[in-house]
A.B. asks: 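Here it is, the structure in full.
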Amino acid sequence: MSTFAIRLKELRNKKNILQKELSKDLGVSQTTISNYEKGIRFPDEDTLKKFANYFSVSLDYLFGYVPEYEVYLKSTDEQTVNTSLYKDSMELTPLARQYMQYLLEGEKSKATILLLEAIRKGEAIKSIYLNILERTLKEVGRLWETNRIDITHEHYFSEATKEIMAYINIAKPVQEKNGHTLISFSIGGEHHNIGIRMVTDFMEMDGWDTYFLGTNVPSQCLIKAIEYYNADIILISATMYYNLDSVSNLIDTIRSSHLIKTPKILVGGLAFNYDRTLWKKIKADGYSYNATDCVELANELIQNSNK
């Protein structure tokens, strides 16, 4: 039985409510709740967030990534939040905090100008990605998990950041190409792809020709794209661990497609970050934890294949 199934039942029992009551509160059928607790079914991302909000726990706790969950106490004028699990994400630079404040206030234009002005003054684009965009996205995720902001703010922040990344891409200098090609995408069923978009941009800044295909790419269309673009590396992202079977099946499809040149396959995303051996089990060629790691690993794989 999955950790999620065990913890869902524990949380419901601690709250002293019946499956029928939980079903009514969340708008999910009682049969579905029962199947979740038996490990027969697993919820989608939106339903997982409903459970996290309802029980005031983090997604990490539901997945079994942390040993204890934090209860976040609400009052009429303030919230008391234990941030011990998120120390790294709290370490924001003044520029990052200003960027985050602008977007949480709905001031996308001011946030865009702030970063473009920083680049004009000499701030490296990679530093913008790592120290501002990535860290504020994690911080906003923390704020949502602790009920400091609602899901609409979290979604707006992510979508606005995607748009701002497009402006940053226009501002970055033209990079000399290294002759290698990358195809990247999120596996079907994922709702967030901003992380892999950042990784793809890093690869492009390293001189790679990159082709980001978004989400829900049919396998046969992917095979055609691999041949058309003569891809050297395929990068697949998965956030939710219940999508790992889809990643594994897709890798098998690529391997058995009799391509003239079989690309190396890298995987990444939250689903792989908590068990850094999963990439071996699904027969990928490697795993990258973040954008800089991906660039280094991709170049290493290319060098080794040329020996």
Side-chain angles (χ1 to χ4, degrees), residues 1-86 137-138 140-159 186-194 215-216 237-249 269-275 278:
M1 186 179 295
S2 69
T3 300
F4 168 76
I6 295 170
R7 292 199 164 172
L8 175 59
K9 188 171 184 178
E10 288 176 349
L11 288 167
R12 183 176 59 77
N13 289 335
K14 285 180 180 179
K15 203 174 179 69
N16 196 28
I17 59 172
L18 301 173
Q19 289 181 351
K20 180 170 64 175
E21 296 174 277
L22 181 60
S23 166
K24 182 178 179 181
D25 290 343
L26 295 185
V28 180
S29 73
Q30 184 178 347
T31 300
T32 300
I33 297 291
S34 176
N35 286 336
Y36 289 159
E37 292 189 358
K38 292 176 181 177
I40 297 173
R41 293 184 59 186
F42 193 87
D44 59 21
E45 186 175 358
D46 289 337
T47 305
L48 280 169
K49 289 179 179 179
K50 285 183 180 180
F51 283 123
N53 278 336
Y54 185 83
F55 291 111
S56 297
V57 299
S58 69
L59 293 176
D60 280 352
Y61 176 77
L62 287 177
F63 290 148
Y65 299 146
V66 293
E68 298 179 354
Y69 69 95
E70 307 294 337
V71 177
Y72 303 106
L73 305 175
K74 294 183 179 180
S75 65
T76 56
D77 57 347
E78 66 177 0
Q79 293 178 331
T80 303
V81 180
N82 187 321
T83 59
S84 61
L85 299 177
Y86 302 92
L137 283 164
K138 289 180 179 179
V140 166
R142 183 191 71 83
L143 292 175
W144 171 77
E145 284 195 5
T146 58
N147 296 318
R148 302 289 292 277
I149 61 174
D150 63 31
I151 194 64
T152 59
H153 288 95
E154 191 267 345
H155 281 182
Y156 173 79
F157 196 97
S158 296
E159 293 303 316
S186 293
I187 199 67
E190 297 285 343
H191 295 288
H192 295 290
N193 57 30
I194 193 167
T215 308
N216 295 321
S237 174
T239 302
M240 310 307 293
Y241 80 85
Y242 55 74
N243 284 327
L244 290 178
D245 283 344
S246 296
V247 177
S248 180
N249 292 336
L270 189 62
F272 295 96
N273 289 348
Y274 292 100
D275 182 350
L278 282 176

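Treat the numbers as computed from the prediction; the structure is a model and nothing was measured.
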A.B. asks: Would you compute the distance between atom CD of Glu37 and atom CD1 of Ile6 and round it to the nearest 0.5 angstrom?
C.D. replies: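 Rounded to the nearest 0.5 Å, the CD-CD1 separation comes to 11.0 Å.
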A.B. asks: Kindly give the heavy-atom pair with the smallest separation between Ile187 and Ser246, and that separation in Å.
C.D. replies: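 Closest approach of Ile187 to Ser246, heavy atoms only: CG1-CB, 3.8 Å.
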A.B. asks: Supply the atom-to-atom distance Tyr36 OH to Phe51 CZ, rounded to the nearest 0.5 angstrom.
C.D. replies: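 Reported to 0.5 Å precision, the distance equals 6.0 Å.
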A.B. asks: Just by modelled atom types, is the Ile17 backbone N or O under 3.5 Å from a matching donor or acceptor in the Arg12 side chain?
C.D. replies: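 Yes.
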A.B. asks: Measure across Ile194 and Ser158 and return the closest heavy-atom pair with its distance rounded to 0.1 Å.
C.D. replies: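 The pair with the smallest heavy-atom distance is CD1-O, 3.7 Å.
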A.B. asks: About how many Å separate CD of Glu10 and NZ of Lys14, when rounded to the nearest 0.5 Å?
C.D. replies: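 Interatomic distance, Lys14 NZ to Glu10 CD, rounded to 0.5 Å: 6.0 Å.
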A.B. asks: Would you indicate whether Asn13, at its atom CG, is surrounded by more than 12 heavy atoms from other residues, nucleotides or ligands within a distance under 6.0 Å?
C.D. replies: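 Yes, CG of Asn13 has more than 12 neighbouring heavy atoms, counting only those of other groups under 6.0 Å.
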A.B. asks: What distance do Leu18 atom CG and Asn16 atom CG have between them, rounded to the nearest 0.5 Å?
C.D. replies: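 It comes to 8.0 Å.
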A.B. asks: Testing the basics here: between Phe55 and Lys15, what is the closest heavy-atom pair and its distance to 0.1 Å?
C.D. replies: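 In this case the closest contact between Phe55 and Lys15 is CE2-CD, 3.8 Å.
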A.B. asks: For Glu154, enumerate each residue passing the side chain to side chain donor-acceptor pair (under 3.5 Å) test, keeping only those at least two apart in sequence or located in another chain.
C.D. replies: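 If we apply the side chain to side chain donor-acceptor pair (under 3.5 Å) test to Glu154, skipping adjacent residues, there are no hits.
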A.B. asks: Closest approach of Thr215 and Gly189, non-hydrogen atoms and distance?
C.D. replies: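 Looking at all heavy atoms of both residues, the closest pair is CG2-N, 4.4 Å.
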A.B. asks: Under the 3.5 angstrom rule, does the side chain of Glu190 hit a backbone N or O of Ser237 as a donor-acceptor pair?
C.D. replies: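 Not confirmed, Glu190 side chain does not pair with Ser237 backbone.
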A.B. asks: If you count every heavy atom of other residues, nucleotides or ligands that lies below 6.0 Å from Lys9 atom NZ, does the total exceed 12?
C.D. replies: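 Atom NZ in Lys9 is not packed in, count stays at 12 or less.
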A.B. asks: Applying side-chain contact (heavy atoms from CB on, under 4.5 Å), run through His153 and Val140 and close with a yes or a no.
C.D. replies: CA-CA 8 Å; His153 288 95; Val140 166; over 6 Å; no
A.B. asks: With a 4.5 Å heavy-atom cut-off, do Ile149 and Phe157 have their side chains touching?
C.D. replies: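 Not in contact.
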A.B. asks: Run the side chain to side chain donor-acceptor pair (under 3.5 Å) test against Tyr156 and tell me which residues pass, sequence neighbours left out.
C.D. replies: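 Testing Tyr156 for side chain to side chain donor-acceptor pair (under 3.5 Å), a comparison that skips the adjacent residues, returns none.
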A.B. asks: Under the side chain to side chain donor-acceptor pair (under 3.5 Å) rule, collect the residues that match up with Thr47, sequence neighbours excluded.
C.D. replies: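 Only Asp44 meet the side chain to side chain donor-acceptor pair (under 3.5 Å) criterion with Thr47.
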A.B. asks: Taking side chain to side chain contact (heavy atoms under 4.5 Å, CB included) as the definition, give me every residue that meets it alongside Lys24, ordered by chain and number, with sequence neighbours left out.
C.D. replies: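 Result, side chain to side chain contact (heavy atoms under 4.5 Å, CB included) vs Lys24: none returned.
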A.B. asks: With sequence neighbours left out, write down each residue that passes side chain to side chain donor-acceptor pair (under 3.5 Å) with Ser248, or none if nothing qualifies.
C.D. replies: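 Applying side chain to side chain donor-acceptor pair (under 3.5 Å) to Ser248 gives none.
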A.B. asks: By salt bridge (Lys or Arg N to Asp or Glu O under 4.0 Å), which residues pair with Glu21, not counting sequence neighbours?
C.D. replies: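 None.
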A.B. asks: Please identify each residue that fulfils salt bridge (Lys or Arg N to Asp or Glu O under 4.0 Å) with Lys50, with sequence neighbours left out.
C.D. replies: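 Residues passing salt bridge (Lys or Arg N to Asp or Glu O under 4.0 Å) with Lys50: none at all.
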A.B. asks: How far does CG of Asn243 sit from CG of Asn249, to the nearest 0.5 angstrom?
C.D. replies: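 If I round to the nearest 0.5 Å, the distance is 11.0 Å.
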A.B. asks: Side chain to side chain contact (heavy atoms under 4.5 Å, CB included) with Ser34: which residues, sequence neighbours excluded?
C.D. replies: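 Only Gln19, Lys38 meet the side chain to side chain contact (heavy atoms under 4.5 Å, CB included) criterion with Ser34.
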A.B. asks: Using the test side chain to side chain contact (heavy atoms under 4.5 Å, CB included), find all partners of Asp245 that sit at least two apart in sequence or belong to another chain.
C.D. replies: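 For Asp245 there are no side chain to side chain contact (heavy atoms under 4.5 Å, CB included) partners, ignoring immediate neighbours.
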A.B. asks: Listed by chain and number, what are the side chain to side chain contact (heavy atoms under 4.5 Å, CB included) partners of Ser23, not counting sequence neighbours?
C.D. replies: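 Side chain to side chain contact (heavy atoms under 4.5 Å, CB included) list for Ser23, sorted by chain: Gln30, Ile33.
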A.B. asks: Kindly determine whether Tyr54 and Leu22 satisfy side-chain contact (heavy atoms from CB on, under 4.5 Å), including the steps that lead there.
C.D. replies: CA-CA 9 Å; Tyr54 185 83; Leu22 181 60; 3.5 Å; yes
A.B. asks: Can you tell me how far apart OG1 (Thr32) and CG (Leu26) are? Round to the nearest 0.5 Å.
C.D. replies: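 That separation rounds to 11.5 Å.
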A.B. asks: Could you report the tightest heavy-atom contact between Asp150 and Trp144, atom names first, then the distance?
C.D. replies: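 For Asp150 and Trp144, the tightest heavy-atom pair comes out as C-CD1, 3.8 Å.
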